[in-house]
Amino acid sequence: MNIGHILWLALIVSPGSAAAADPFATGAVNSGFTLNGFGTLGFARSDNDQAQYVRDLSQPYGLTTNGTAKVDSVLGLQAAYRFDNKLDGMLQAISRYRYDGSYRPEISWAFLHYSPDPDLNLRVGRLGTEFYMSADSRLVGYANLTVRPPPDYFGPLIFSYLDGFDVDLARPVANGLLRGKLFAGYSPESSPFVGNITWDLSGTLLAGGYLDYQTGPWQIRLGHVQARFNKELPLDALVPGIIEAAPELSVSDKWARFDSLGVVYDPGPFQFQAMFSQTRHDSATYEDTRAGYAIASYRIGKATPYLGYSRTLSKANRFAPTSPPLAAQIASATHSDQYTWFLGGRWDIRKDLDLKAQVDWVRGSPSSIFPFRGDPVVWDGRMTVFSLTLDFVF
Amino acid sequence: MSITTTLLLTLCLILLPRARAEADLVVVVNARNGIERLTLDSVINIFMGRYRQLPSGIPAQPVDQPDGRPEKARFYRLLVNKDLAEINAYWARLIFSGRTSPPYQAKSTAEILDRLARQPGAIAYIERNQADPRVRIVLELEH
């Protein structure tokens with residue numbers, strides 16, 4: 001909140017506005033103050049009450065056969081101010097279904113951006129995390145083709161933003177454009193753990209970067225991010241003394257590493273994207289995971305039907321024979337082994353407004369409980385999810 | 001032969017009015033900024049906000065035609081084979097993740113020509129017959 005306050009102050013104190021300044025006289029483009037917003041009204045239900053389906057694990061409870069609007073609905077407001085051709089600032093607040101079950105507005109972006117050259121960008125403040133391609137805009141339904149980013153892939157991503165900096169540099173190479181980005185900062189967020197118990201992520205160090213090459217209709221990106229957790233998972237609240245009895249479960253000061261590869265082929269009405277990731281954890285609480293997805297779509301006028309497939313598979317951790325049996329049981333709660341086929345359509349009703357419908361067929365092993373909420377005990381691994389969203393920007 | 005002639009005539013009748021209605025779109029810059037040609041890739045980079053630097057080193061300032069003008073839809077169709085709805089969704093991603101802004105949207109062709117004359121880095125697209133001595137054509141877009 002502090003960074004947000006500082007930026008608001010900067011916006012208010014700084015002289016001039018778009019209405020007062022004549023952009024022609026200064027020769028500046030897009031100077032002054034702009035206000036934008038985005039939102040999604042969503043509704044989704046499933047055919048299985050054994051587990052609760054969530055958009056990602058930042059949500060404490062999910063949808064069941066009782067439909068809900070909470071999983072996909074979001075509202076965002078954004079103010080930006082351009083000081084001159086090299087310096088600008090942005091502040092974004094969102095309201096969504098949060099880790100604590102509330103919709104309390106939060107500051108998702110608040111930064112100053114300095115660009116001494118068109119090919120170099122420096123930003124300082126609160127920034128969206130770009131763990132994977134498009135991950136920093138995954139709440140903006142209008143900017144995305146599907147109802148939600150595939151949960152098999154994006155679901156374990158509990159970080160939305162960080163307080164820190166990023167630097168990106170672009171250079172034309174051959175006929176394409178090579179872009180590199182580095183970022184680092186600390187997480188100010190919290191995550192739901194079990195039921196109403198939450199996990200304080202503050203102090204978690206996040207650092208990473210990517211190399212991106214774009215040429216013609218092709219884009220390919222290699223990314224790496226590391227997270228070092230600060231505070232312990234509240235395992236002790238469930239099983240008092242368990243971290244002392246099984247120290248390998250500790251996550252404090254342990255690293256998680258995220259490697260990813262993304263490919264987009266976008267020559268026109270036909271579009272294809274695929275991503276692969278590997279997540280490795282130093283802590284034995286979390287299982288190492290491989291995930292991937294692919295989506296193909298074809299635009300026909302205002303309608304864009306699409307078909308997608310996603311897969312996630314984690315590897316069970318081995319515990320020493322001296323560890324309490326509960327340790328292995330706790331770790332098995334982070335097991336994933338499932339795939340999802342999804343079929344849907346996006347309809348661009350008019351400028352700045354779209355309607356989407358999607359069906360997800362989740363097929364997994366009964367041991368695949370990590371992607372879900374509601375502590376599934378009896379779970380057959382099969383679920384069909386029906387979703388409808390209306391996305392808008394202004 | 002008579003069938004071929006008839007076919008050719010019909011073809012001419014179909015194609016001629018279309019050719020007249022859809023004049024060539026050209027990409028133009030300030031005539032004095034020293035740039036002779038731009039590649040299609042660099043024009044894509046500038047208008048899609050990926051890399052906005054002209055070969056002369058000055059920052060490129062792209063200017064869009066007003067919303068609803070057929071030139072705008074045709075330009076993006078020829079440039080990246082995309083509908084305006086897709087272009088709009090593309091910019092939504094960049095705007096709400098705090099990256100580059102879309103091109104400045106002019107209110108008229110007169111404003112576009114005025115900007116091109118005043119701003120060394122301005123770059124725009126117009127119909128060929130709208131080009132005047134203040135601007136230089138750096139790329140022709142084919143149908």
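Here the structure is a predicted model, which is why all the values come from computation and not from measurement. Chain letters run A, B, ... following the sequence lines, proteins first, then strands; residues in each count from 1.
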- line: So, the part of A:Ser134 with a heavy atom under 4.5 Å from chain B: the answer is both
query: Among B:Pro59, B:Gly57, B:Gly98, who wins on heavy-atom pairs under 4.5 Å with chain A?
result: B:Gly98
- prompt: When heavy-atom pairs shorter than 4.5 Å are enumerated against chain B, which of A:His113, A:Arg171, A:Arg299, A:Lys351 gives the highest number?
  reply: A:Arg299
- prompt: Quick one: ring-ring contact (aromatic ring centres under 6.0 Å, His included) partners of B:Phe47, sequence neighbours excluded?
  reply: B:Phe75, B:Tyr125
- prompt: Taking atom CG of A:Leu157 and atom CZ of A:Arg138, what is their separation to the nearest 0.5 Å?
  reply: 4.5 Å
- line: Sorted by chain and residue number, the ring-ring contact (aromatic ring centres under 6.0 Å, His included) partners of A:Trp347 (sequence neighbours excluded) come out as none
field: Of A:Gln92, A:Arg126, A:Arg96, the residue whose pairing with A:Ser108 passes side-chain hydrogen bond (donor to acceptor under 3.5 Å, both in side chains)
entry: A:Gln92
- request: Determine the minimum heavy-atom distance between B:Ile112 and B:Ala106, stating which atoms define it.
  value: CG1-CB, 3.4 Å
task: Among A:Asn121, A:Asn144, A:Asp348, single out the residue with the greatest number of heavy-atom pairs under 4.5 Å to chain B.
output: A:Asn144
task: Please check if the distance between the ring centroids of A:Tyr142 and A:Phe38 is under 6.0 Å.
output: no
field: Residues from residues 81-93 of chain B approaching chain A under 4.5 Å (heavy atoms)
entry: B:Asn81, B:Lys82, B:Asp83, B:Ala85, B:Glu86, B:Asn88, B:Ala89, B:Ala92, B:Arg93
task: Using non-hydrogen atoms and a 4.5 Å limit, figure out which bit of A:Pro269 sits close to chain B: side chain, backbone, both or neither.
output: both
message: Taking side chain as everything from C-beta outward and backbone as N, CA, C, O, which of these in A:Arg346 sits under 4.5 Å from a heavy atom of chain B? Side chain, backbone, both or neither.
response: side chain
message: Check B:Arg134 with B:Asp132, please: is the shortest side-chain N to carboxylate O separation under 4.0 Å?
response: yes
query: Using 30° and 60° as the class limits, which term best fits the ring planes of A:Phe131 and A:Phe159: parallel, tilted or perpendicular?
result: parallel
task: Give, as side chain, backbone, both or neither, the part of B:Arg99 having an atom under 4.5 angstrom from any heavy atom of chain A.
output: both
- request: Only counting residues at least two apart or in another chain, list the ones meeting salt bridge (Lys or Arg N to Asp or Glu O under 4.0 Å) with A:Asp168.
  value: A:Arg179
task: Flag the one option from A:Asp266, A:Asp117, A:Leu127 with the top tally of heavy-atom pairs under 4.5 Å to chain B.
output: A:Asp266
- line: Counting heavy-atom pairs under 4.5 Å with chain B, the top scorer among A:Gly37, A:Gly301, A:Ser115, A:Gly128 is A:Gly37
Side-chain donor-acceptor pair present, A:Tyr306, A:Gln358, cut-off under 3.5 Å: yes
message: For the interface with chain A, which of B:Asp67, B:Thr100, B:Ile44, B:Leu94 has the highest count of heavy-atom pairs at distances below 4.5 Å?
response: B:Asp67
Within 6.0 Å of CZ in B:Arg37, more than 12 heavy atoms from elsewhere: yes
query: Of the listed residues (A:Gly176, A:Pro172, A:Gly76, A:Gly216), which shares the most heavy-atom pairs with chain B below a 4.5 Å separation?
result: A:Pro172
